[in-house]
> 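Before I ask anything, here is the structure I am working with.
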Amino acid sequence: LRLICTTTAVQRKNAGASGPEKYTEAFIKKQIEEFNLGKRHLANMMGEDPETFTQEDIDRAIAYLFPSGLFDKQARPLMKHPTEVFPEQRKIQWGEDGRPFHFLFYTGKQSYYSLMHETYEKFLNVQKHQDELIAQDLPLQKEKRNLAGSRWLTKIELEEMLVEKMSDDDYSRFIRLLEKLVALPCADLEEKYIQKFSKEVPAQLQKVLIEPLQYDERGVAFSTGEGRRKTASATAVVYDNGTGKITVNGIDILHYFPVLQDREQLLFPFQFLGRIGKHDMVCTVSGGGRSAQAGAIRLASAKALRSFVTEKEVEFMRQAGLLTVDPRVKERKKPGQEGPRRKFTWKKR
Amino acid sequence: DDKLLTEPLKHPDFFSVKELFTLKDLFDARVHLGHKKGCRHRFMEPYIFGCRLEQDIIDLDQTMQHLQLALNFTAHVAYRGGIILFVSRKRQFCHLVESTARACGEYAHTRFWQGGLFTNAHVQFGPGVRLPDLLIFLSTLNNVFEPHVAIRDAAKMNIPTIGVVDTNCNPCLITYPIPGNDDSPAAVELYCKLFRMTIIRAKDRRRQSEAVEELR
């Protein structure tokens, strides 16, 4: 069984253009043959059918045969098809008689400049179309493009698309040209071309589903929420038509949280929405300390209250920070230091 | 094969390049208009007809002769399958020049010129690269009004050059200079049209001659 280990070439940066390691076609072909042979051997070892051995089966088999506790997924043993492991590279750019294939070969950055050439051509087309419409006194179309929902490709994605390195200046020039093209009134003509370079960005709120209210046997509306803070996790059930009674793990809050600060944290979501005496709450919490538990219950109750409230108020809650999970956890101690930040006492001699 | 190559060299105008343009065409395309007297380059004085209200007028008779020599040379180079590179650093005509080159099946370079493109070609492109056999400048100056680096590089690498030289350009290192206007769109479109027609004509002639040879 031959494992193809990851080289430094396969990282987030695209190394496809010109690096010191150039893989010849013969080398890649040999790697593909070895990969297929190895796949069949692996299937035999695992006792499965070599013909129907998919990539997922390979991954599972490797994880079983070579268990690794390393945190970085890319550092673990890997067996993938060579086209995924070795990045795409440029083959020889000219034919037998020496004439290059691309008409912009002698510029050095042929893909980038041909892209600029094409985009400029679309720009001129749209301008010509606009002039024709103006000559015939027709109104120019003005359908507003949805600007908030899309973004342009990043520099790395563009480099991957063109298999060629480009500098930051080149990238910003290209984006400026695209913006100019999009700003024209009749840009809908080249909509398909523009979509090749834009990606959808769904707005944050659309992802989060707010659950509808549930009703228990007495007909009272209630809703549940979960929250975490440091090591504490809590679940809260908020009932409607209540008197403002709050129970934690079967104990009233006055007895469970003797400190005023924790009780304030619990009441904050209700106070923000102005619904202090209107809801009952029953929660369970475990783990963490007194402050962490209070924070966890606060998050859980805020999440539960989302179902009772309009979307605008949900947005207000989000902006107030009631719905954000607090990412602060205990920082680890580092070697050579006494704590996470405190260093050992410095002695002059 | 030898006959194919030596046959065109016996005639002074094998590709009948003179029919492609007339003096009137050059005048209508405003090729005779130069820059103001203050911008005049010393070496362009032989090519200037005169000066009217401080604007230089280029002598179109000389332009005709130079243009005919240049077009004849491009036709011969294209006939022998040479690589032709169109160079221009004018932003207005960048797209036009690139489209002309693409239409002919030749190459263009209208972008920023990297230092070692010709002199360091084996490192830039790879071993075994073939450099262009002819350079055509639609404008010899770059965006800072200095002579384009490619003129000097081509002279270093022994590559012949054809260039449209305006009254503020230096015609020294160019093998076939064409004194004429390089700023008006009409003039540049005329040059592109002429070069495109000669190259296509020469290539068609070559294909015909090869077909005739094969039939024998």
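Treat the numbers as computed from the prediction; the structure is a model and nothing was measured. Order of the sequence lines sets the chain letters (A, B, ...), proteins ahead of strands, with each chain counted from 1.
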> Roughly how far apart are B:Leu131 CG and B:Ile83 CD1, rounded to 0.5 Å?
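So the gap between those two atoms works out to 8.0 Å.
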
> Please tabulate the donor-acceptor pairs under 3.5 angstrom that span chain A and chain B, backbone and side chains included.
unit_1   : atom_1 : unit_2   : atom_2 : d
A:Trp94  : NE1    : B:Gly128 : O      : 3.4
A:Asp97  : O      : B:Arg130 : NH1    : 2.9
A:Arg99  : NH1    : B:Gly82  : O      : 3.2
A:Arg99  : NH2    : B:Glu106 : OE1    : 3.0
A:Arg99  : NH2    : B:Glu106 : OE2    : 3.2
A:Pro100 : O      : B:Tyr107 : OH     : 2.7
A:Phe103 : O      : B:Ala108 : N      : 3.2
A:Tyr106 : O      : B:His109 : ND1    : 3.3
A:Tyr106 : OH     : B:Arg130 : O      : 2.4
A:His117 : ND1    : B:Glu98  : OE1    : 2.5

> Which residue out of B:Ala108, B:Gly105, B:Gly81 racks up the most heavy-atom pairs below 4.5 Å with chain A?
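The candidate making the most pairs under 4.5 Å is B:Ala108.
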
> If you look only at pairs with a residue in residues 151-192 of chain A, which of them pass as a ring pair (Phe, Tyr, Trp, His ring centres under 6.0 Å), with sequence neighbours excluded?
A:Phe174-A:Phe197

> Given side chains that start at C-beta, do those of B:Pro132 and B:Phe118 come closer than 4.5 Å, heavy atoms only?
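The answer is yes, as the side chains (C-beta and beyond) meet within the 4.5 Å cut-off.
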
> Do A:Arg40 and A:Glu51 make a side-chain contact, defined as non-hydrogen atoms from C-beta onward lying under 4.5 Å apart?
yes

> Would you call B:Phe21 and B:Leu190 a side-chain contact if the rule is heavy atoms closer than 4.5 Å?
no

> Between B:Pro171 and B:Pro179, is there a side-chain heavy-atom distance shorter than 4.5 Å?
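SC-SC contact between B:Pro179 and B:Pro171 ruled out.
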
